[in-house]
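What follows is a set of notes on a single structure, which appears directly below.
The shown structure was predicted, so the numbers you read here are calculated from the model rather than taken from an experiment.
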Amino acid sequence: MALTTDMVLVFGVMALAVVLFLTDRIRVDLVAILVMLLLPILGLVDGAGAFQGLASNAVVSIIAVIIMGRGLDHTGVISRVVRPLVALTGNNRTRIIALLSVTVAFISSVMQNIGAAALFLPAIRRISRQSRIAPARLLMPVGFAAILGGTITLVGSSPLIMLNDLLAPFGLPPLNLFSVTPIGVVLVVVGVGYFALFGNALLPQVADTPEACGLDQNGECPVQYYDKLGRLAEIRIPTQSRHKITVGELSDRYSVFTIAMAAEQGNKKLIPPPFNKIVEPGAVLAVYALEENLERAAAALDTPPATDLKVFATDLASEYAGLVEAVVPPHSKFIGRTLGEIHFRHNYLVAPLALYREDNVCYAHLSRETLHPGEGLLMHGRWEHFQRFRQKRNLIFSHAFDHEVLHPQKAGAALACFALATLLVFVTDLKLAVCLMVGALGMILTKVITIDEAYSGVDWRTVFLLAGLIPLGVATQKTGAAAWLAQHLLALVGQPPPVVLLFVIGLVATLFTLVVSNVGATVLLVPLVINLAQQMGTDPRLAALMVGLAASNSFLLPTHQVNALYMGPGRYRSVDFLKAGAPLSLIFLLVVTGMLWLFY
C-alpha cells in the first residue's frame, strides 16, 4: 500500500493533536474542536462527518449516564451508597481508592466502563468533600480501575464484545464469557496495588484544601468560631425519668443546645423542637454541647452518656443539614423583635444556637434576645429550609451558600428509571445510547431533576473532547492511514519468538487505541494479526485476544472516554495521564503477554 497525500495529512493532524495535548498550550477540548474543523478544511472528511462525533453512540451514552447519575445523587441515593463506604475506609486515601476501585471494576465487568465511571462520579465527589481529599487524588485511580474492569468478562468492553464476530470469518472457535477473567482479575489487582504503592508519587501533588475538595462555595464550618458550641451528639432520656425540663431550659441551665427531638423509638421527629417544648421521658435529643456540659446534664437528668448520632444519623447528615451564620440587615423585619416573638424555630424550621453582639457571643436565653442591625446569628437546619428562608432576605448569610437540596422522596422514581435503562440494555437490541437516554428522560419527566439541572450537570468539555476525536479516527481509517501504519509496524517485527510477537501486537494496539477508537483499532488490527500469527505458526486466537485486551490499555492520554470524563472534575492535564499512565501501560502489556503465553 502506497503512502498518499491524504495519509500524510491525517498523520500531520494526529501529530499536531498529540503535541498540543502534551504541551497543554491549549485546553484539550479546544484541541479536539480544532481537529474537528481541520479535517473538513483539509478535505479528509465531509462537513457532516466532521460533526458526527456529537451524535455518536459513545458521546450520547455519556450524556445520558451523567444525567442519570445526577438524578441518583439529587435524590440521596448516592449519599446512601457513600455513607457505608466512608464508614469502612475513614479518611484513609489508600483504603478509599482500593474499595472504590474494586467496586467500580466489578460493575465495569458487566456494563460499559464509561457507564460505571459516570455513575461513580457523584459518589467520588461526595467522598472527596467528606474526607477532605482532593478529587485529583481519587478520580484517576478509580477511572483506570473502571477501564481495567472491562477486561474481566467478554461483555465488559466494546472490543471484547465484538471479538468473536471477528474470529468467525477465519473459522476460529469462539471465546466464552469468562475466557479473559483470570487476566482481567490480575490486571485489576495489579492496578489497585500500583496506586496503593506509587500513588503519592504518580498522582498530581494537589493540596487537600476545601477549595480543591469542592467546599469553596460553602465556606468553612462556622462552629470553630463558637467555643461553647461543642460537638454534635445524641442524648437518650430514660423512659422512667421524672425530670421535667424544656428545650430552652436545657440550653439556659446546662448549655446543651437542642436541634432535634424524637419521641421514644425515634418516632415523631421535630427538627427543630420549639424552645418551650417539654422533653418527655423516652425522648431522643440531638444536641450541640461541650463534653463537660454533656456530662453535667447527664448527671442532673440521670441519662446515659451522650453518643454519636444514631436516630438522627440520616436526618442531620451533612448532605441534608448543617450550620449557617447570618447577619441581620438594616431592612430586616426582625429588628426590634425577640426570637421568641418571631417563633423562630416554629415558623422557619431552623434552630438559633448563638447570637454574636458587640464582640460577645450569647448562648443562653436566646428566645428573649432582641435583634438589632449588624448582629450575627448562628443557626442549624436543613438546607431546603435555609433555601426558602433566605429568599425574604430578613437575614443575610455571611458566607457563600450553595448546598444542593436533596429530595429523598424521589429516590424510588430515580431508581426505577435507572433500572429501566439497565433492563433495556440487557433485553433489547436497541443502541446503548437509546437505552440510557430513556432512563435520563424518565428522570426528567418524573421530576427527579429539571431539564435545566440536567443541562448544567453535563461536562461539556468531555463531550467536545470525545466528539472532536471521533472524526479523526474515522479519517484515519477512511484514508487508509491506519491500515498503512499497522502493516508497516507489524512488518518491522520480522520473525520474533511468539511471546515477543504477542508483546509487539499489544504495543501496536495500545498506540492505535490512543488516536483511533478502541473499536476501530480492534476491527482494523484483528484480521491483520490473525494472518500474521498464522504465517508465523502462533495461535491466532491469542493474537486476536491480545488486540481485544490491549484496546483497553488507554492510560497515556485523556482520549479514552473514562479519562475524558474524569479530566475536568479532577482538573488533570494531559501530562498527568502520561506520568501515571505510562508505567501502568507497560505493566499492562507485560501482565497480559505473560499470562497469555504461560496459561493460554
Side-chain angles (χ1 to χ4, degrees), residues 57-58 105 108-114 116 144 146-188 190-191 432 473 477 482-483 486 489-490 498-499 501-534 538-556 559-562 584-585 587-600:
N57 189 59
S108 185
S109 69
V110 293
M111 69 179 296
Q112 292 289 314
N113 45 34
I114 182 59
F144 284 6
I147 297 173
L148 292 172
T151 64
I152 294 178
T153 69
L154 218 63
V155 297
S157 64
S158 298
L160 292 177
I161 289 173
M162 62 191 311
L163 200 54
N164 279 334
D165 291 336
L166 296 173
L167 294 175
F170 295 90
L172 297 173
L175 301 165
N176 66 52
L177 180 64
F178 301 107
S179 292
V180 294
T181 299
I183 298 175
V185 170
V186 171
L187 287 174
V188 171
V190 168
L432 178 66
Q477 293 177 266
L489 286 175
L490 293 174
V499 66
L501 176 63
L502 289 176
F503 181 85
V504 172
I505 289 172
L507 180 62
V508 172
T510 297
L511 295 175
F512 266 64
T513 198
L514 294 177
V515 290
V516 182
S517 71
N518 51 13
V519 172
T522 304
V523 172
L524 174 71
L525 290 176
V526 166
L528 292 176
V529 301
I530 287 177
N531 287 321
L532 184 64
Q534 288 174 334
T538 301
D539 188 344
R541 288 211 311 166
L542 291 188
L545 189 55
M546 173 57 92
V547 173
L549 289 167
S552 294
N553 191 14
S554 306
F555 310 112
L556 290 170
T559 51
H560 190 278
Q561 299 163 6
V562 173
L584 184 58
S585 292
I587 294 171
F588 183 107
L589 289 175
L590 293 174
V591 168
V592 175
T593 302
M595 291 199 67
L596 284 176
W597 181 246
L598 293 174
F599 301 108
Y600 286 74

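When all heavy atoms of A544 and L167 are compared, the pair lying nearest together is CB-CD2, 3.6 Å. Of all the heavy atoms in A550 and A509, the pair that sits closest is CB-CB, 3.7 Å. In this structure, T538 and P498 approach most closely via the heavy-atom pair OG1-CB, 3.8 Å.
Of the possible polar contacts, one joining the T151 side chain to the L148 backbone as a donor-acceptor pair under 3.5 Å is found. Side-chain atoms of N164 come within 3.5 Å of backbone atoms of L175 as a donor-acceptor pair (strictly under, hydrogens ignored).
With sequence neighbours left out, A543 forms a side-chain contact (heavy atoms from CB on, under 4.5 Å) with I505, V529, A533. Applying the side-chain contact (heavy atoms from CB on, under 4.5 Å) test to S554 and every residue at least two apart in sequence or in another chain returns T513, H560. Remark: T153 engages no residue in a side-chain hydrogen bond (donor to acceptor under 3.5 Å, both in side chains) (not counting sequence neighbours). For D539, the side-chain contact (heavy atoms from CB on, under 4.5 Å) test picks out R541, L542, with sequence neighbours left out. Contacts of F555 classified as ring-ring contact (aromatic ring centres under 6.0 Å, His included), with partners at least two apart in sequence or in another chain: F144. With sequence neighbours left out, the side-chain hydrogen bond (donor to acceptor under 3.5 Å, both in side chains) criterion links N176 to S179. When the side-chain contact (heavy atoms from CB on, under 4.5 Å) test is applied to P527, the partners found at least two apart in sequence or on another chain are F170. Judged as a side-chain hydrogen bond (donor to acceptor under 3.5 Å, both in side chains), and not counting sequence neighbours, the contacts of N553 are T510, S585.
In this structure, CG in L549 is found 7.5 Å from OG in S157, a value given to the nearest 0.5 Å. Taken from CG in N518 to CG in N113, the straight-line distance is 8.0 Å, to the nearest 0.5 Å. Taking CD1 from I183 and CZ from F588, the interatomic distance works out to 9.0 Å, rounded to the nearest 0.5 Å. Expressed to the nearest 0.5 Å, how far CD of Q534 lies from CG of L172 amounts to 6.5 Å. A distance of 11.5 Å separates OG1 in T522 from CZ in F512, rounded to the nearest 0.5 Å. Between the OG atom in S552 and the CG atom in L187 there is a gap of 9.0 Å [rounded to 0.5 Å].
Just one of V547, L525, L528 meets the side chain to side chain contact (heavy atoms under 4.5 Å, CB included) condition when paired with V508; it is L525.
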- Item | Stepwise side-chain contact (heavy atoms from CB on, under 4.5 Å) test for L160 and L163 | CA-CA 5 Å; L160 292 177; L163 200 54; 4.2 Å; yes
- Query: Going through the checks in order, is the side-chain contact (heavy atoms from CB on, under 4.5 Å) test met by L590 and F503?
  - Reply: CA-CA 7 Å; L590 293 174; F503 181 85; 3.9 Å; yes
